[in-house]
Amino acid sequence: MSQREGNKVDLQSHSSASSFSHLEAKIRQTHSLARLLTSYAEQLLQEYVQHQGDPFGLPSFSPPGLPVPGLNSPAPTHSGLPTLERLQLDAAALNSLSPLLDTIRHLQADLNPFARRLLRRLEDASHQSRALGSAVEVVLGALGATPGPPGPHPMLPENPGVFLAKLLGYRVCGLYQEWVSCTEGDLGQLLRAGLG
Amino acid sequence: MEVYFYLRLLSKTGENKRMKNSSKFQWLSSVIFLYLVNQAHGQKRGVPHDLKCITHNLKVWDCSWEASSRINHGTTYEICIVNSSYPCIQTEKTHFEIPALSLAEHEIKISSMHVSGNSVTKFILNERSVSLVPATLQIFNLTADFSTSTLYIKWNDNGSVLPRHSNVTWEIVVLYKEDMEVATIATLNTTLIGKDSLHHWSWTSDIPLECTLHYVKIRYYIDELHFSGQKEWSEWSPLRNISGPPIKENYEVFPQDKVVPVGSNMTFCCVVEEPVLTAQFGSERCSLIRLDNKSVAIEINNITVSPSSGTNVVFTTKSNMYGTVVFAGYPPDIPRKLNCETRDLKEITCSWNPGRPTGLVGPRDTNYILYERFSGRNVTYNRDEEHMNENHQLIFQMIAGQEIYNFTLKASNPVGRSEAVILVDVTRKVYPHTPSKLIVSDIDPTAIILHWHLSGNFANITLLCEIEINTAYSGQELRNITVKGLETSSYRVSVDRLMPYTMYTFRIRCSSENFWKWSKWSNEKQYLTMEGVPSKGPDIWREWSADGKSVIIYWKPLSINEANGKILSYDISYWSEEGKQHLKIPDPQHRAKIQLDRNDCIISVVARNSAGSSPPSKITSMEIPNGENLKVEQIVGIGSGMLFHWNYDPNMTCDYVIKWCNSTRSEPCLIDWKKFPANSTGALIEYDNFRSGTRYNFFLYGCKNQKYQLLRSVVGYTEELAPSVAPNFTVEDTSADSILVKWEDIPVEDLRGFLRGYLFYFEKGEKGTSKIQGLESGRSDVKVKNITDITQKTLRIVDLQGKTGYHLLLQAYTDGGIGPGKAMYVVTKENSEGLIIAILIPVAVAVFVGVVTSILCYRKREWIKETFYPDIPNPENSKALQFHKSICEGSSTLKTLEMNPCTPNNVEVVETRSAAPKIEEDTEIKSPVADGPEEGSDAEPENHVVVSYCPPIIEEEIASAGGEEAGGSSQVIYIDIQSMYQPQAKPEEELEKDSVGGAGYKPQMHLPVTSTVENMIAADGLEKAAGYRPQTHVTAWNLDSPDSPRSIDSNSETVSFGSPCSVNSRQFLIPPKDDESPKSSNGGWSFTHFFQNKPND
């Protein structure tokens, strides 16, 4: 049996009907949360660029993807990975994003102390990222899989310039959106594959 | 100098030769020659020349000369200063140093010693030939502050070796870029102080120092006034460049995160290996300035205030994006409205308004420090993000024993600073906290104690507090009290002069005695004071019942101020036959009925509450009889009350009482009463329940020895209104020319004022067309009578027309207006006598005329017959052929009717045989008309009427209007001529009788025959004649009659009619003679046909 086959999820194999329905409800609930956070993440990114000044808010603005040590965008090969492995990556990324979002919030508190809605969204996003990561881990546990090993703690430069801090914030918000969306897709696929 | 030496030398040696050579030219030539020889010889042999001396410090001269290096090699020189104690110098070099010599000239002898020979050269040297060239400087230190792009240069001025007080000019040059363009040149002036001094200079670059290399060099110039030689700039110092930032940062764009004042000009550069494609400042694209092969820059002028997160400066390369952020803002405004006060004398709160926003937030926001100068302590403003928009304030802990504080509030941000100062005596700036825990306790019915809590240490000051006392009845009262400040926070104060049994609302606020601000009001505290004894007895009055067997005693409830508590009951005592009687009436009742005989007694009333009884109020039961009949007066109120006046009466020792009641109420008459002092002479009665238009009775009593006497009786209104109803009136009698009306009084309650009269309106008109509702005095068709005698109850209206309808209206009026009216419609009776007279007189006249006429006619019957109806009438004299006078009126040409020469064309045989021959004769008459043309009649110019003797009448329906002769078709109706034969000037009945029934001779008129008519008749032929036709004058008829034929010629006054002519042709329309026609025998003519509208009628 290959590794991929070994990670294949078979929700029907769960012993009792009640545990199956409970698992299904959990996955469905987590998927709904991911979908909700996906829309929140889009709003966060829009709110973020509005407060950074031009050219951040311009349609032509496309900064290079700044590297965030310890966290990357979902790899193009992500969709080809087994479901559980994908969910493990999702959970790890979401957990990593939470402190990054906290850092961005602190940076923005200096730059935009009166942008209360942005600051609140960043704070909420940090909590929601951690919550979604935990929920995915719960699903993984329910599926009998252990959460993946914690990756390297993502780091941001200690004293980035203001412009670099803005770029990093933009990058982190983008990463947050990508991973939440990715998680939503993975959970959706899990629902379709397992319940269908 | 060397030339100079030679010239001097030659001048000495050549003095003798000059004596010998007389030619100057020869002498000069010799000198030049010798000089050149000597030069050539000296150089050839290593003789020093071109001696130059400089000095760096004016103490040592450094002299050097030129010598051939070939010859110089191995040459030893001895330099001696002639006539000087300075020792000669042995040297192999071509320069020497000597101490600075005095201002005089000095001879320098340089002896050259060489293997090839010795030579001596002399120079004359003085200070003017020495140049002052300062020693080349070394930059002591060159540093840079990259955050501010500032260069700092330090150097030593070597003042210790230079003359003191010398002025020094420094020139500093900063170069930049690889090709070392001059960035700036600075010149400084200093003065030497006799010792080495370190000078420094700084320069801030327009572009960040990181953008490209910067170099610095310096030189100087000493301006020593006492030095007479030449002064020159020193050599440039060696170039120094700026070493890079102490810590290499991963920035490519400079400056990083700069905070600048609004309006600044800035240069941003990007130092990257790859080429920069674009640069952007915010949303603005900028042109690139290339600094070197790795660095480009942009210049931004007059930067505007940045948004909160700063303005982004972005450089874009093919693969990357580099940027920085600039924050442009304002320096802090001077803090406005700086105010320091204390709320508890423990800490001082200073607040201020920051003024204009700086545009800088977060770490770049303004920092405030409150510095107290006397104590040297300061407090730093801690920004609270949650309350950023609120007023700024700082709290400074008070220092024991210090009352005066000198505060300086310092504001600073990255682009500037400001400050404000305030000197505060805190004891005069006390703004206490809000008093709390307000408690009230009793002292007595009119005093309480107020307790409250006020946090703070006010032991050193006196507090000024304000107590607000509120009652529902007496409103608001403020009392200020002073309280010694306490270290503790509990305060108490007594409040007196309160009313018993009154609900009070208390609250308090405090300040210091040196008033600055009131604290906020404490919460309210309600409190009911204790009850007290009623302060006075009730106001009483008495009325005898109608039967006179009992007295009703009235009293008024005591006011709140007087009752001083809840009145429980009223005690009434009086003397009766049974002795002293007591009654106890519970409170809500304010009257009592006492059975009394007509004996006088004193009635006493006291009010009682839980605290005690009021003083008694007394009144006697009987009145003092009034000696005379009182006349009832009238009065009208003023405003809201009634004003009474009376004369002062010293006999009235108690008081006056005015009692009043509604006049329409039944007895006993009492609404209210009011008492006035004995010395008063007037009173204004104001009563809330007085109503306009209501009649009140007022009675004025005077009090004499506790007994009352009625003085005046008055009826009055507070305000008069118009009557509310119309007077009820009836018509008592009518005649042909008058009406008698009678009315009744209006009830008092409807009168609503004193009746001043009636207005009676009447107008002629038919029933149902009354304008009575809109009666106005100005209308002429409405008559009005103003009845001012209000006792009058009837009115007779005369001079009316008989059998005529009249509208009547009666209104009453008061000073308040005119009331509604009652309307009535009356028809006067017919005037029968006049009617009879009007009938009888015309009848009598007619009878009289008829009798007279009859008599006259009878007496003149012969004449009448001869005149109007002779047996053989003479047409010439026939009156009958004259038009009736009435017909002829208006005609200017009354004429005897001329007979138309219409020859009878027919002889009518009448029944009377005797007339037959005459008719036969008539038939012989030839009518000339028959020969005349038809048009001839129209063209008749004569001014007379021609009545054609033709068959009567005619109705023409002419197709074309307007009497056009050319009308082709015309209908002609022929009427039996016999029916038309009627005599003139007789009643129609008679005429008919004559024409039909008459069988005798028919009178005819002779008509003058004109040629034209004759021709016409001739044309028609004699057989067309229809016998004799009566004719008359034409103008007797109305020519405007639609049926009257007219002459076509409008200019002619001659109108032809009577003949049945066509209006078109004017041709006689008598039909041709037809012997067999039965109509011919009935041919005739009647005037009536002229008056017929249509022949057919």
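What you are looking at is a predicted structure, and each value in this text was computed from that prediction instead of being measured. First the proteins, then the strands, lettered A, B, ... as listed; each starts at 1. Only this structure's heavy atoms are used, side chains among them; waters, hydrogens and symmetry mates stay out.
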- Message: A quick test of your reading: do over 12 heavy atoms of other residues, nucleotides or ligands sit less than 6.0 Å from CD1 of B:Ile422?
- Response: yes
- Decide side chain to side chain contact (heavy atoms under 4.5 Å, CB included) for B:Arg364 and A:Leu111; before the verdict, give the C-alpha distance in whole Å, the side-chain angles of both, and the deciding distance to 0.1 Å. CA-CA 9 Å; B:Arg364 295 160 294 280; A:Leu111 283 176; 3.9 Å; yes
- Query: Under 4.5 Å between any side-chain heavy atoms of B:Lys258 and A:Val162, yes or no?
  - Reply: no
- Item | Side-chain heavy atoms of B:Gln256 within contact of A:Leu164, under 4.5 Å | no
- Query: Once you round to the nearest 0.5 Å, how far does CG of A:Asp110 lie from CG of B:Asp365?
  - Reply: 11.0 Å
- Message: A quick test of your reading: do over 12 heavy atoms of other residues, nucleotides or ligands sit less than 6.0 Å from CZ of B:Arg356?
- Response: yes
- What part of B:Ser283 lies closer than 4.5 angstrom to a heavy atom of chain A: side chain, backbone, both or neither? both
- Note on the structure: To the nearest 0.5 Å, atom CD of B:Glu284 lies from atom CG of A:Asp54 at 11.0 Å
- Message: Is it the case that over 12 heavy atoms from other parts of the model lie below 6.0 angstrom from the CZ atom of B:Arg377?
- Response: yes
- Query: What pairs with A:Glu123 under salt bridge (charged side-chain N to carboxylate O under 4.0 Å, His left out), at least two apart in sequence or on another chain?
  - Reply: A:Arg105
- Message: Given heavy-atom pairs under 4.5 angstrom as the criterion, report whether the side chain, backbone, both or neither of B:Phe281 touches chain A.
- Response: neither
- Non-hydrogen side-chain atoms of B:Ser309 and A:Lys166 separated by less than 4.5 Å: yes
- Item | Choice from B:Pro307, B:Pro363, B:Ser319 maximising heavy atom contacts with chain A below 4.5 Å | B:Pro363
- Just wondering, more than 12 heavy atoms not from B:Lys177 lying within 6.0 Å of its NZ? yes
- Message: Working to the nearest 0.5 angstrom, can you tell me the gap between B:Glu252 CD and A:Phe163 CZ?
- Response: 11.0 Å
- Looking at residues at least two apart in the chain, or sitting in another chain, which of them share a disulfide bond (SG atoms under 2.5 Å apart) with B:Cys350? B:Cys340
- Residue B:Tyr215 excluded, over 12 heavy atoms near OH under 6.0 Å: yes
- Message: Using every non-hydrogen atom in the two residues, find where A:Pro113 and B:Ser308 come nearest and quote the distance to one decimal.
- Response: CD-OG, 3.8 Å
